[in-house]
Protein chains: 2
Amino acid sequence: MKTKMTIEDIASKAGVGIATVSRVLNNRGYVSEKTRAKIEEVIKNYDYVPSATARNFAKKESNMVAVIVPEAHNPYFAAAVEGISEILEQQELLLILCNSDKDSAKEEKILYTLKQQELKGIIVTPAIDDLDKGGLKEYKEIVESLYIPVVFMDSGLNFYEWDVVYFDNIANSYNAIKAAIEDGSREIGIITGDLQTKTARDRYKGYVQALEENGIDINEKYVYHGDFTVKTAYNITRKMLSKGKYPEIVFTSNNLTTIGFIKAVYDAKLKLGRDIHCISFDKLDTFEELKYSYIERNPLQMGRLAATMLMERIKEPELPARKYYMKSKIIVNINR
Amino acid sequence: MKTKMTIEDIASKAGVGIATVSRVLNNRGYVSEKTRAKIEEVIKNYDYVPSATARNFAKKESNMVAVIVPEAHNPYFAAAVEGISEILEQQELLLILCNSDKDSAKEEKILYTLKQQELKGIIVTPAIDDLDKGGLKEYKEIVESLYIPVVFMDSGLNFYEWDVVYFDNIANSYNAIKAAIEDGSREIGIITGDLQTKTARDRYKGYVQALEENGIDINEKYVYHGDFTVKTAYNITRKMLSKGKYPEIVFTSNNLTTIGFIKAVYDAKLKLGRDIHCISFDKLDTFEELKYSYIERNPLQMGRLAATMLMERIKEPELPARKYYMKSKIIVNINR
DNA sequence: ATGAAAGCGCTAACAG
DNA sequence: CTGTTAGCGCTTTCAT
């Protein structure tokens, strides 16, 4: 058989009606053992595969879930996507991966495209995590006009009745700094991200809170304003070290900042873990022997959880919205 | 309007036939400015979105391309996927991501599922790169029974009439070792991967070739049999260093091996780039200040290329098969 | 237990 | 320029 077989071909070859073939295909309803065997044989012989497109169309639903992330290659999101993929695979669902590239306009366009696909659901990490300003209302409308289950992942969008799973930036920073304080540190600096962004602000907030609650005044000199890039962190750190006076510990508030920081310490011929310490927001998975402290998140687990929540919501659309805050480990590694 | 609108609803609201609506939707064929405007207005008013499922079904083709990788979270593949995603997005194509988890059986199952989807094409990195042994014929049949364009990415499967894009392991190793020799090194060791795998074997081959062509005998003592894991590389290196007698340079034949090696050097209180050197297959993107040499591949570019090749083949299915070998940079960083 | 038939929403001739 | 109509391949009543 050259041309693609259809269910009708199979039915006629097997001498039965198409409904019967459909039944064995879906393993649903009554079919006598004899006819089932016959049909299965024909299917095997002719190498027939049902068309998912036709099936989806007839049922007005697909076997697909979309995932929108702001940076597909970022190891953090790559791991999350893998976690999602794991769960979807168990459910025989296909995963459509979309990269918004941190661009809200792109994200909106993606959402529009996805709206046409009769998806089972969507897992999204919004391009902008700072929608509480103005755009939130509009965003809410777009999301709701999808009319399909949506789970928000790694997002501060904990408003409205949406399912959310994420790591709490404030709490994680707070806990890490608190752990350092309990470990005996007093002079703790920070290299922040761009404080225009919610992520950077929240991490800074946690830092401030932990110090204040422990009766430590914020030393403005020890608050270094970075932008979550290696380069800036490097420059800041070089300058900091060259001044001679610097904090005992620096809270590097994202992984790239940590890398720039460590590189600068190294280049200044100082020894990390002896001359100066570091608490990193996120572990650097490459070099475990480095002497530093960190907040360890588990994005793979976050992905699994997001997908699981989506599955639950698909099954029970009327479930109340759930907010799930992922726990992180705080690893303190300072010796004096 | 509560229930989902169809093209018919729009047609009747606009007082036209459905074919006309279809025309404006697809921006194809003649439609008077006046009716077009009218229809567009209705579409906007009722927030109508055409069903991609129905459309795909009617056209017997979809707007999707699938990508199968053996490890979704591996930064190397994550970057490749991002490259693919970039190209597909330009073509308004959706990307279905599948993770075979290095498991051939899983890959086969994925292929079967994908066969049902009327995809535009598939980009695949086979789970096993060593099919020239026995399974190749069977694999070939499976792939060909897909009846859709397939591009192989990062695979040694350069047999048959298939489109392939990949980095040549033999050539890259060869070039790196050759560069080191030209730089003045004679004592070059290697930590291999599992030589049962084609990747490990090819990297070893390139190493051997470069030495032989330059009249350097292979010193079996300097060939360390690893398995591409950090742990094994670490242990091997510790043992190597403790013996006192070790090569001047070690070719660490994958990135995890490099990490294990560097860690061990560090723990042995030796200095990388002074006491011992390292040529790494793949750059470690975290710490640029490390003193080592490496082969730098560009998986993002590989992904872009794979997707571009696929687009070309979709457009012209009769194109002769193309083999594209990606170039890599060799960075030598040894000072004596 | 099985078959006939009516869609699902859209595209693509074809006729006007 | 526009409307009518015949599918696309499958699911799902509804009879039998």
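Below, each value reflects all heavy atoms present in this structure, side chains not excepted, and no hydrogens, waters or symmetry copies. Predicted model, so just to flag it, every value in this text is computed and none were measured. Throughout, a chain's letter reflects where its sequence line sits, starting with A, and its residues are numbered from 1.
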Next item on the list: Measure from the side-chain heavy atoms of A/Tyr30 and tell me the nearest of D/dG3, C/dG9, C/dT2.
Entry: C/dT2
Next item on the list: Kindly state which residues belonging to residues 110-119 of chain A come within less than 4.0 angstrom of DNA chain C, counting heavy atoms of the residue only, listed by number.
Entry: none
Checklist line | By salt bridge (Lys or Arg N to Asp or Glu O under 4.0 Å) - contacts of B/Glu82 (at least two apart) | finding: none
Check: Roughly, in whole Å, what's the span from NZ in B/Lys60 to C1' in C/dC8?
Finding: 17 Å
Checklist line | A/Ser62 side-chain N/O to A/Glu118 backbone N/O, donor-acceptor pair under 3.5 Å | finding: yes
Notebook entry, point to check: In terms of side-chain heavy atoms, does A/Asn298 have a donor or acceptor partner in A/Gln301 at a distance below 3.5 Å?
Noted result: no
Margin query: Using modelled atom types and a 3.5 Å cut-off, is there a donor and acceptor pairing between side-chain atoms of B/Thr35 and backbone atoms of B/Val31?
Written below: no
Margin query: For D/dG9 and A/Thr53 - does any side-chain N or O of the residue sit under 4.0 Å from the phosphate oxygens OP1/OP2?
Written below: no
Item checked: With A/Asp101 via salt bridge (Lys or Arg N to Asp or Glu O under 4.0 Å) - residues at least two apart -> A/Lys106
Would you give me the side-chain donor-acceptor pairs under 3.5 Å for residues 107-116 of chain A, sequence neighbours excluded?
| from | atom 1 | to | atom 2 | distance (Å) |
| --- | --- | --- | --- | --- |
| A/Glu107 | OE1 | A/Ala127 | N | 2.7 |
| A/Glu107 | OE2 | A/Tyr139 | OH | 2.5 |
| A/Lys109 | NZ | B/Glu92 | OE2 | 3.2 |
| A/Thr113 | OG1 | A/Lys109 | O | 3.1 |
| A/Lys115 | NZ | A/Ser145 | O | 3.2 |
| A/Lys115 | NZ | A/Ser145 | OG | 3.4 |

Item checked: B/Ile10 CD1 to C/dT11 C1', straight-line distance once rounded to whole Å -> 17 Å
Next item on the list: By nearest nucleotide on DNA chain D, pick out whichever of B/Thr35 and A/Ser51 is the more 5' one.
Entry: B/Thr35
Margin query: Could you walk me through whether A/Leu97 and B/Ser85 satisfy the side-chain contact (heavy atoms from CB on, under 4.5 Å) test, starting with their C-alpha distance in whole Å, then the side-chain angles of each, then the deciding distance to 0.1 Å, before giving a yes or no?
Written below: CA-CA 8 Å; A/Leu97 180 66; B/Ser85 159; 5.9 Å; no
Notebook entry, point to check: Can you check whether A/Ser32 has a side-chain N or O nearer than 4.0 Å to OP1 or OP2 of C/dA1?
Noted result: no
Next item on the list: Sugar-phosphate atoms are those with a prime plus P, OP1 and OP2; base atoms are the rest. Using that split, label each nucleotide of nucleotides 11-16 of chain D B, S or - for protein heavy atoms under 4.0 Å, 5' to 3'.
Entry: BB----
Next item on the list: Mind calculating the distance between CD (B/Glu33) and P (D/dC1) to the nearest angstrom?
Entry: 10 Å
Checklist line | B/Glu41: partners by salt bridge (Lys or Arg N to Asp or Glu O under 4.0 Å), with sequence neighbours left out | finding: none
Note to self: Should B/Phe57 be counted as stacked on C/dC10, where stacking needs a ring-centre gap under 5.5 Å and an angle between planes under 30 degrees?
What the structure shows: no
Margin query: Between A/Arg313 and A/Leu319 (side chain of the first, backbone of the second, donor and acceptor by atom type, cut-off under 3.5 Å), is there such a pair?
Written below: yes
Check: What is the distance from CD of A/Glu61 to P of D/dC10, rounded to the nearest Å?
Finding: 16 Å
